[in-house]
Chemist: 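Next up is a structure, given as structure tokens.
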Amino acid sequence: MRKFKFRPAFSAYTNLIGALSEVNESDLMLTLFNQMLFLALLDEMKSNAFHADMTYFFIMVLCNANKLDEAVEIFEQMELNKQVPCAYAYHTLIMGYGSAGKFQEAYSLLERQKSKGSIPSVTAYNCIRTCLRKKGDVDEALKIFDEMKKDAAPNQTTYNILISMLCQAGNVEGALKVQDDMKQAGLFLNVRTVNIMVDRLCKARKLDEACSIFEKMDHKT
């Protein structure tokens, strides 16, 4: 189309990019995205909401393709263009950092999101806790747990991660406290939670504590 001096429509790019995303052709997708920025597609590309949605789409695709640096570059360009990233853009990039094990970058972006008046998702918080679990940083995970409760209600995954970390660290009382918090939040104990606590304690050779927790849970559930 461009060879014959026709300007491709916005939908032509989005349809082609969508097809390329299904076969993980991220390099070609990035080339097309740069073309879109260069052409600007005149008036239809000047709508911030429209353009922002497209930018988020690229961030998601690049993160899924493990091209985190390119995703960050597009995110930063979005802010330079005075566009306000949506919560999904923050969420996706935080998840990308988390998958790469970059806790500090993920946490910094989460704090940046909060400073802009956008509330981080529970999944984003859980992603950061997963990074901390890999590092074995229980204290930081508990700190972020307290921060999270000011913004969003913890879900079952949140509690599973914390219980797993506390048990792995041998903090049985801490694990039981999280269990109590979970029940107060209306999230009752399930088999998965029991398995995490018992499994972690057994692997840490804390068999007496594992049996004790199992018996207490059995009586309470």
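The model shown is predicted, which means the values in this text are computed figures rather than measured ones.
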Chemist: Consider only side-chain heavy atoms of I, L, V, M, F, W and Y, link residues closer than 4.5 Å, and tell whether L142 and L132 are in one cluster.
Modeler: yes
Chemist: For the side-chain contact (heavy atoms from CB on, under 4.5 Å) test, which of I144, V178, T157 pairs with L162?
Modeler: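 Testing L162 for a side-chain contact (heavy atoms from CB on, under 4.5 Å) against I144, V178, T157 leaves exactly one candidate, V178.
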Chemist: Charged N to carboxylate O below 4.0 Å: is that the case for D181 and K177?
Modeler: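 Here D181 pairs with K177 in a salt bridge, since their nearest N and O are under 4.0 Å apart.
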Chemist: Distance check, rounded to the nearest 0.5 Å: Q179 atom CD versus E173 atom CD?
Modeler: 11.0 Å
Chemist: For T130, give me all partners under side-chain hydrogen bond (donor to acceptor under 3.5 Å, both in side chains), at least two apart in sequence or on another chain.
Modeler: none
Chemist: Output all residues satisfying salt bridge (charged side-chain N to carboxylate O under 4.0 Å, His left out) with K149, sequence neighbours left out; order by chain, then residue number.
Modeler: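 Once residues adjacent in sequence are excluded, the partners of K149 under the salt bridge (charged side-chain N to carboxylate O under 4.0 Å, His left out) criterion are D146.
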Chemist: Around atom CD of E147, are there more than 12 heavy atoms from other residues, nucleotides or ligands closer than 6.0 Å?
Modeler: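 Above 12, so yes.
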Chemist: Using side-chain hydrogen bond (donor to acceptor under 3.5 Å, both in side chains) as the criterion, list what pairs up with R112, not counting sequence neighbours.
Modeler: E79
Chemist: Looking at G98 and C127, what are the two nearest heavy atoms and their distance?
Modeler: CA-SG, 3.5 Å
Chemist: Does any part of the side chain of V122, heavy atoms only, come nearer than 4.5 Å to the side chain of P154, both counted from C-beta?
Modeler: no
Chemist: From T123 OG1 over to I128 CD1, what is the distance, rounded to the nearest 0.5 angstrom?
Modeler: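 T123 atom OG1 to I128 atom CD1 measures 11.5 Å (nearest 0.5 Å).
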Chemist: Applying ring pair (Phe, Tyr, Trp, His ring centres under 6.0 Å), name anything that partners Y159, two or more places apart in sequence or on another chain.
Modeler: F145
Chemist: So which atom in L93 and which in A71 form the shortest heavy-atom distance, rounded to 0.1 Å?
Modeler: CD1-CB, 4.0 Å
Chemist: Quick one: side-chain hydrogen bond (donor to acceptor under 3.5 Å, both in side chains) partners of T158, sequence neighbours excluded?
Modeler: N126, N155
Chemist: Tell me, please, which residues at least two apart from K116 pass salt bridge (charged side-chain N to carboxylate O under 4.0 Å, His left out).
Modeler: none
Chemist: Would D139 and K143 satisfy side chain to side chain contact (heavy atoms under 4.5 Å, CB included), going step by step from the backbone distance to the final call?
Modeler: CA-CA 6 Å; D139 291 339; K143 176 184 173 184; over 6 Å; no
Chemist: Counting N and O atoms only, with roles assigned by atom type, does the side chain of S164 sit under 3.5 Å from a partner on the main chain of N160, one being a donor and the other an acceptor?
Modeler: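 No, S164 side chain to N160 backbone: no donor-acceptor pair under 3.5 Å.
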Chemist: Let me see the working for Y97 and V72 under side chain to side chain contact (heavy atoms under 4.5 Å, CB included), right down to the final yes or no.
Modeler: CA-CA 10 Å; Y97 278 131; V72 172; 3.2 Å; yes
Chemist: Could you tell me if the side chain of E140 sits less than 4.5 Å from the side chain of K135, heavy atoms only?
Modeler: no
Chemist: Of the non-hydrogen atoms in L68 and K102, which two are nearest, and what is the gap between them?
Modeler: CD2-CD, 4.3 Å
Chemist: Taking all non-hydrogen atoms of both residues, which atom of M165 and which atom of R129 are closest, and how far apart?
Modeler: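 Looking at all heavy atoms of both residues, the shortest contact is SD-O, 4.1 Å.
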Chemist: Enter the distance from N171:CG to I163:CD1 here, rounded to the nearest 0.5 Å.
Modeler: 12.0 Å
Chemist: Among residues at least two apart in sequence or on other chains, which ones pass side-chain contact (heavy atoms from CB on, under 4.5 Å) with A87?
Modeler: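 Counting only residues at least two positions away or on another chain, A87 forms a side-chain contact (heavy atoms from CB on, under 4.5 Å) with Q113, S118.
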Chemist: Give the minimum heavy-atom separation between S121 and H91, together with the two atoms involved.
Modeler: OG-ND1, 2.7 Å
Chemist: The criterion is side-chain hydrogen bond (donor to acceptor under 3.5 Å, both in side chains); which residues satisfy it with E76, sequence neighbours excluded?
Modeler: none
Chemist: ring-ring contact (aromatic ring centres under 6.0 Å, His included): which pairs involve residues 107-128, sequence neighbours left out?
Modeler: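 Matches after skipping sequence neighbours: F103-Y107.
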Chemist: Decide yes or no for I59 and Y88: does some side-chain heavy atom of the first lie under 4.5 Å from some side-chain heavy atom of the second?
Modeler: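 Not in contact.
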Chemist: In chain order, what residues pass the side-chain contact (heavy atoms from CB on, under 4.5 Å) check against A175, with sequence neighbours excluded?
Modeler: L166, C167, M197
Chemist: By ring pair (Phe, Tyr, Trp, His ring centres under 6.0 Å), which residues pair with Y90, not counting sequence neighbours?
Modeler: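 Applying ring pair (Phe, Tyr, Trp, His ring centres under 6.0 Å) to Y90 gives F75.
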Chemist: For K114, give me all partners under salt bridge (charged side-chain N to carboxylate O under 4.0 Å, His left out), at least two apart in sequence or on another chain.
Modeler: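 Counting only residues at least two positions away or on another chain, K114 forms a salt bridge (charged side-chain N to carboxylate O under 4.0 Å, His left out) with E111, D151.
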Chemist: Out of curiosity, I119 CD1 to L110 CG, how far, rounded to the nearest 0.5 Å?
Modeler: 11.5 Å
